[in-house]
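A short worksheet on the structure shown next.
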Amino acid sequence: QVQLVESGGGLVQAGGSLRLSCAASGLTFSSYAMGWFRQAPGKEREFVAAISRTLTSTYYGDSVKGRFTISRDNARNTVYLQMNTLKPEDAAIYYCAAALGAGSYYLIYEYDYWGQGTQVTVSS
């Protein structure tokens, strides 16, 4: 049974930082590209970042480029999202996801498995 479990969310002031983690089990982690998406109340789920299987490529949504960094540790079956200079508009539930196939990794349907999400709240 595949499980993706996010952690590290919480309340932070604008300008602050958080690091999200997503621990994967039940799959061959190194075979999957990993992504982060977010969804704010009343909005569609939005692509945040993705990282390839072999760590050679990373991808970012325009709204987080230069502020967020995605990384992974294949030995620990974990993907991370370092979020710096947080803004109130970054507040959302953040989801990690795993994609087995090749693709752009920007699109929701490319992902095979999803976590339950972790809440990030940014106070102004």
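Please read these numbers as outputs of a predicted model, since none were measured by experiment.
In plain terms, the two heavy atoms of Tyr94 and Val48 that are nearest each other are CE2-CG2, 4.2 Å.
For residues 88-124, the set of pairs meeting the disulfide (SG to SG under 2.5 Å) definition, not counting sequence neighbours, comprises Cys22-Cys96. For the disulfide (SG to SG under 2.5 Å) condition, no pair includes a residue of residues 28-88, sequence neighbours left out.
No continuous path of ILVMFWY side-chain contacts below 4.5 Å connects Val64 to Tyr106, so the two sit in separate hydrophobic clusters. Tracing side-chain contacts under 4.5 Å through hydrophobic residues (I, L, V, M, F, W, Y), one reaches Leu81 starting from Leu86; they form part of the same cluster. Tyr95 and Leu20 fall into different hydrophobic clusters, where Ile, Leu, Val, Met, Phe, Trp and Tyr are joined by side-chain heavy atoms under 4.5 Å apart, directly or via other members. Ile51 and Val5 fall into different hydrophobic clusters, defined by Ile, Leu, Val, Met, Phe, Trp and Tyr side-chain heavy atoms under 4.5 Å apart, directly or through other members. Leu27 and Trp36 fall within the same hydrophobic cluster, defined by Ile, Leu, Val, Met, Phe, Trp and Tyr side-chain heavy atoms under 4.5 Å apart, directly or through other members.
Inter-residue side-chain proximity for Ser63 and Glu46 is flagged as met; some heavy-atom pair is nearer than 4.5 Å. By the 4.5 Å heavy-atom criterion applied to side chains, Arg19 and Tyr80 are counted as neighbours.
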Give the table of side-chain donor-acceptor pairs shorter than 3.5 Å for residues 112-124, with sequence neighbours excluded, one pair per line with atom names and distance.
| unit_1 | atom_1 | unit_2 | atom_2 | d |
| --- | --- | --- | --- | --- |
| Asp112 | OD2 | Leu100 | N | 2.7 |
| Thr118 | OG1 | Gly9 | N | 3.2 |
| Gln119 | NE2 | Ala92 | O | 3.4 |

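Ser17 pairs with exactly one of Arg67, Gln82, Met83 by the side-chain contact (heavy atoms from CB on, under 4.5 Å) rule, that one being Gln82.
Shown here are the side-chain hydrogen bond (donor to acceptor under 3.5 Å, both in side chains) partners of Asp73, two or more places apart in sequence or in another chain: Arg76. With sequence neighbours excluded, no residue forms a salt bridge (charged side-chain N to carboxylate O under 4.0 Å, His left out) with Arg45. Every side-chain hydrogen bond (donor to acceptor under 3.5 Å, both in side chains) that Asn74 has, sequence neighbours left out, goes to Arg72.
In this structure, Phe37 and Tyr111 have perpendicular ring planes: the angle between them is above 60°, well past the 30° mark.
We find the CZ-OG distance between Arg53 and Ser31 to be 7.5 Å, quoted to the nearest 0.5 Å.
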### Message
Set out, in order, the CA-CA distance, both residues' side-chain angles and the distance that settles side chain to side chain contact (heavy atoms under 4.5 Å, CB included) for Leu4 and Met34, then state yes or no.
### Response
CA-CA 10 Å; Leu4 302 177; Met34 299 298 295; 4.2 Å; yes
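Using a distance-only test at 3.5 Å, with no hydrogens or angles considered, no donor-acceptor pair links the side chain of Glu110 to the main chain of Ala99. Checked by atom type and distance alone, the side chain of Tyr60 pairs as donor or acceptor with a backbone atom of Ile70 at under 3.5 Å.
In this structure, Phe47 has its ring center no closer than 6.0 Å to that of Tyr59.
Classification of Asp62 and Lys65 as a salt-bridged pair holds, one side-chain N sitting under 4.0 Å from a carboxylate O.
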